[in-house]
Participant: 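Okay, handing you the structure first.
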Amino acid sequence: MSSSNLSSMIKINTPRDFNFEECLVFLDRSNQELLHRIKDGYLYKLIKVDQELILLKISYKIDALNVEFPLGDPSKNARKLAAEFIVDWFDLEQDLADFYEMALYDNILNQIASKYRGLRIIGIPDLFEALTWAILGQQINLKFAYTLKKRFVERFGEGLMFEGETYWLYPSFDRIAEIDIEHLRELQFTVRKAEYVIGVAKAMSKGELKKENLLKKQDYLPIHNYLTNMRGIGAWTADYVMMKCLHQRSAFPITDVGLHNAIKFQLGLEGKPTINEIKEMALNWTGWEAYAVFYLWRSLYD
DNA sequence: ATCCAGGAACTGT
DNA sequence: ACAGTTCATGGA
C-alpha cells in the first residue's frame with residue numbers, strides 16, 4: 001500500500017441548530033483579527049496541542065464540520081485534541097432548543113433568535129487568551145482593542161507561514177510571565193493593563209489559576225467570586241470569560257456597552273436602557289443570559 | 001481642539 | 001456599603 005499525499009480529514013458531527021455561515025459572520029467581524037482567517041469559505045486557525053502545531057482548515061457539509069490539516073498529518077492524539085478544541089470553540093455540546101423556545105415570546109430576542117438561528121457562542125477556549133483579551137478590551141473601543149491585540153500577538157506570539165499567509169498563536173502565559181511592564185507600555189498598553197495582563201500570566205504560570213480548576217467549581221457564583229478576587233478582573237471581565245471560555249449559560253456581562261446599544265436598537269429606544277431596566281428585561285432569560293447577550297452582540301454586525 | 005467614553009482599582013466618606 | 005476619582009488613549 002502506498003501512502004497518500006493527501007492529509008487525512010476528520011469529521012465532527014454538528015448538533016441540530018447549527019449554522020456555520022452565521023458563525024463565520026461573527027468570526028469575520030474585524031479585519032484586524034489575526035488568530036483566524038476566513039478564505040474561500042474555509043476557516044483557518046493555528047493551534048498547538050501536545051507541543052504540535054496544527055493548522056486547521058474547516059468547512060461545513062451536511063451536518064458535519066470537515067477538518068483538514070494542510071501542514072500534514074498530526075498524530076492520532078493531536079487529532080483527537082483538535083476535534084475537542086473545535087467542539088469547545090463552537091459550543092457544539094449545547095442544545096439550544098430551550099433557548100429558542102424562550103426567545104419565541106421575548107420582545108428583545110424574538111426576531112434575532114430566528115434570524116441568526118444556529119449561531120453558537122464562539123468561544124475562546126484558551127483561558128489566558130480569554131482573560132487577557134477581556135482585559136485588553138476594558139475601557140476602550142473595540143477597534144483599539146484589536147490594535148493592541150495585534151501588537152501583542154505579533155510581538156510575543158508564535159507565527160507560522162503557510163502559502164504566503166502568516167498564522168499566529170496567542171502568546172503563552174509562560175512567555176508573558178517573564179516580561180516587564182515597559183515591554184507592554186511600548187505597545188501602548190496602559191500601566192494598569194500591563195500589570196493586569198502580567199499578573200494573570202504569572203498566576204497561570206505558577207499553576208495557581210487553571211481552566212480545569214474553574215470548571216470543577218461548576219456553579220456560577222464560586223467561579224465568579226474566584227475570578228473577581230484577582231487583580232484586574234471585575235464583574236464584567238469575569239462574566240465575559242465565563243461566557244466565552246467556561247460555557248456558563250448564566251454568565252451575564254450586564255454593564256457591557258455593546259449589550260446596551262443592541263437592546264436600545266432592538267426596542268427602538270431613545271437612549272440606552274438603565275441597568276435596572278435590563279435586569280427587568282432579563283428575568284425572562286434566566287439560564288440563557290449568555291446566549292441572549294451573544295445574539296445581541298451579533299445583531300450589532302448587521 | 002476639547003470633551004467624553006468606560007472597566008477596574010483606589011480613595012474618601 | 002457607596003460615591004467620586006484616576007488611569008491614558010482613541011474617537012466624536
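The sequence lines fix the lettering, A, B, ..., with proteins before strands; numbering per chain opens at 1. Atom set for the values below is all heavy atoms of this structure, side chains included, hydrogens, waters and symmetry mates excluded.
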Participant: Closer to the 5' end of DNA chain C via nearest nucleotide, is it A:Q139 or A:F144?
Facilitator: A:Q139
Participant: Quick one: how far along DNA chain C does chain A reach, first to last nucleotide 5' to 3', anything under 4.0 Å to a heavy atom?
Facilitator: C:dT6 to C:dG11
Participant: By a strict heavy-atom criterion of less than 4.0 Å, which residues belonging to residues 250-265 of chain A are in contact with DNA chain B?
Facilitator: A:T255, A:V257
Participant: Have a look at A:T237 and say if it touches a base, only the backbone sugar-phosphate, or nothing, with a 4.0 Å heavy-atom cut-off.
Facilitator: sugar-phosphate
Participant: Whether the A:T132 and A:Y170 side chains hold a donor-acceptor pair (N or O, under 3.5 Å, no angle test) is what I'd like checked.
Facilitator: yes
Participant: Strictly below 4.0 Å, N to O, side chains only: are A:R117 and A:E22 in salt-bridge contact?
Facilitator: no
Participant: Going by the salt bridge (Lys or Arg N to Asp or Glu O under 4.0 Å) test, which pairs reach into residues 234-245 of chain A, not counting sequence neighbours?
Facilitator: none
Participant: Should the pair A:F252 and A:W285 be assigned to parallel (<30°), tilted (30 to 60°) or perpendicular (>60°) ring geometry?
Facilitator: perpendicular
Participant: Quick check on DNA chain C: between A:R192 and A:K143, whose nearest nucleotide comes earlier from the 5' end?
Facilitator: A:R192
Participant: Students should find this one: the first and last nucleotides of DNA chain B, 5' to 3', lying under 4.0 Å from a heavy atom of chain A. What are they?
Facilitator: B:dG6 to B:dC10
Participant: Assign the ring pair A:F90 / A:F18 to parallel, tilted or perpendicular, where the plane angle (0 to 90°) is split at 30° and 60°.
Facilitator: perpendicular
Participant: Yes or no on salt bridge (charged side-chain N to carboxylate O under 4.0 Å, His left out) for A:D50 and A:K80, after CA distance, side-chain angles and deciding distance?
Facilitator: CA-CA 11 Å; A:D50 256 6; A:K80 180 176 146 259; over 6 Å; no
Participant: Do NZ/NE/NH1/NH2 and the carboxylate oxygens of A:R185 and A:D180 come within less than 4.0 Å?
Facilitator: no
Participant: Would you mind classifying the nucleic acid contact of A:K193 as base, sugar-phosphate or nothing, using non-hydrogen atoms under 4.0 angstrom?
Facilitator: nothing
Participant: So, are A:R249 and A:E289 salt-bridged, with charged N and O less than 4.0 Å apart?
Facilitator: no
Participant: What are the residues of residues 225-236 of chain A, sorted by number, that bring a heavy atom to within less than 4.0 Å of DNA chain B?
Facilitator: A:M230, A:R231, A:G232, A:I233, A:G234, A:A235, A:W236
Participant: Quick one about A:Y291 and A:D98 (side-chain donor to acceptor, distance below 3.5 Å, no hydrogens or angles considered), yes or no?
Facilitator: no
Participant: Considering only NZ, NE, NH1 and NH2 on the basic side and carboxylate oxygens on the acidic side, decide whether A:E158 and A:K48 come within less than 4.0 Å.
Facilitator: yes
Participant: Do NZ/NE/NH1/NH2 and the carboxylate oxygens of A:K39 and A:E165 come within less than 4.0 Å?
Facilitator: yes
Participant: Using distance alone, with no hydrogens and no angle criterion, decide if A:T14 and A:D63 have a side-chain donor and acceptor under 3.5 Å apart.
Facilitator: no
Participant: Given the P atoms of C:dG10 and B:dA9, what is the spacing between them in whole Å?
Facilitator: 23 Å
Participant: A:R151: which residues meet the side-chain hydrogen bond (donor to acceptor under 3.5 Å, both in side chains) condition with it, sequence neighbours left out?
Facilitator: A:Q188
Participant: For A:Q138, report the nucleic acid contact type (base, sugar-phosphate, nothing); a contact means any heavy atom under 4.0 Å.
Facilitator: sugar-phosphate
